[in-house]
Amino acid sequence: MIGCTLVKKIGGNKVLWGVIVETEAYSQKEPACHGHKKRTPSNQTLFGEPGRFYIYLTYGIYHCVNIVTDKSEWASGVLLRALSMPDEEERICSGPGLLARKFKLDRTYDNRPISKKNGLWVINKSSSLKNQKIVKTTRIGISQAKDLQWRWYLQSSRSVSKRAKGDQLPSTKKSWSPSIENSP
DNA sequence: TCAATGATTAGC
DNA sequence: CTAATCATTGAT
């Protein structure tokens, strides 16, 4: 999903968009996944059709946006952790809660299929990241299965929420940011 | 390190 | 029913 553009329709003919630069994977087979134990009304979207948004409230304050993956009856998804937005919006979506806040996404968007018709969709623009390095590392903010390296981020992006140990973006090097190429 | 904040769940 | 937990964030 890294390099894909998340797009939300806002009002008549305007859209809000940003490029996904950080993600995490979750699977029923490991204990950090919401669907690891059992299917409930709150996590059922995760067990449903792939290609839908799974959105939940966390810590009472923030929402997190996921894309359901794999197959029905098997809980798995990708958490969108950070977006890079055009121009002056740098680091405004650097964390899953901030991302959901900026795009005003909540439970009303839960279980919606990814589609332009529904006002929230994703476009594959990952070819714009040609020759760009993707860092693979451990997930953040979980208490179980901390060892799995199921977090990925675009090394050259300043919008990544938290960098892996030892991975500092040199101030001399120009960071990656979205261009017209990534626009919907 | 810790508080804010509320839905959800484990346990009785 | 109650207490603990939680895929977070921002401030210290």
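Just so we're on the same page: letters track the sequence lines, and every chain starts at 1.
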Checking base pairs now: Watson-Crick or wobble, both atom distances under 3.5 Å. What partners [N]?
N      : result
B:dA10 : C:dT2
B:dT5  : none
C:dT12 : none

In whole Å, I'd like the distance from the [atom1] atom of [X] to the [atom2] atom of [N].
X        : N      : atom1 : atom2 : value
A:Leu57  : C:dT9  : CG    : C1'   : 13 Å
A:Ile140 : C:dA7  : CD1   : C1'   : 10 Å
A:Tyr56  : C:dT5  : OH    : C1'   : 13 Å
A:Ile92  : C:dG10 : CD1   : P     : 9 Å
A:Glu22  : C:dA7  : CD    : C1'   : 12 Å

**Prompt:** Between the side chains of A:Ser161 and A:Glu22, is a donor N or O closer than 3.5 angstrom to an acceptor N or O?
**Reply:** yes
**Request:** Assess the side chains of A:Ser76 and A:Thr69: does a donor N or O sit below 3.5 Å from an acceptor N or O?
**Result:** yes
**Asked** Does A:Thr40 place a side-chain N or O at less than 4.0 Å from the phosphate oxygens OP1/OP2 of B:dT8?
**Response** no
**Asked** Hey, is the side chain of A:Thr58 poking within less than 4.0 Å of OP1 or OP2 on B:dG6, counting only N and O atoms?
**Response** no
Touch class at under 4.0 angstrom, heavy-atom based, for [X] against every strand present:
X        : answer
A:Ile142 : sugar-phosphate
A:Arg81  : sugar-phosphate
A:Asn43  : nothing
A:Ile55  : nothing

Side chain of [X]: nearest nucleotide among [options]?
X        : options               : value
A:Leu79  : C:dA7, B:dA10, C:dC6  : C:dA7
A:Arg101 : B:dA10, C:dA7, C:dG10 : C:dG10
A:Pro96  : C:dA7, C:dT9, B:dA4   : C:dT9
A:Ser42  : C:dA7, B:dT8, B:dA10  : B:dT8

**Message:** Within the structure provided, determine whether A:Phe53 and A:Val65 are in side-chain contact (heavy-atom separation under 4.5 Å).
**Reply:** yes
**Prompt:** Is a donor-acceptor pair below 3.5 Å formed from side chain A:Tyr59 to base B:dA7, judging by atom type as modelled?
**Reply:** no
**Nearest-0.5 Å distance that lies between atom CG in A:Leu6 and atom CG in A:Leu83** = 5.5 Å
**Item:** Given DNA chain C, 5'-ward residue of the pair A:Leu98 and A:Tyr26, judged by closest heavy atom
**Value:** A:Tyr26
**Asked** For DNA chain B, whose closest nucleotide is more 5', that of A:Arg107 or that of A:Tyr62?
**Response** A:Tyr62
**Message:** Going by side-chain hydrogen bond (donor to acceptor under 3.5 Å, both in side chains), A:Arg139 matches just one of A:Glu30, A:Glu24, A:Gln149. Which one?
**Reply:** A:Glu30
**Request:** Could you tell me whether a side-chain N or O of A:Thr5 sits under 3.5 Å from a main-chain N or O of A:Asn182, the two making a donor and an acceptor?
**Result:** yes
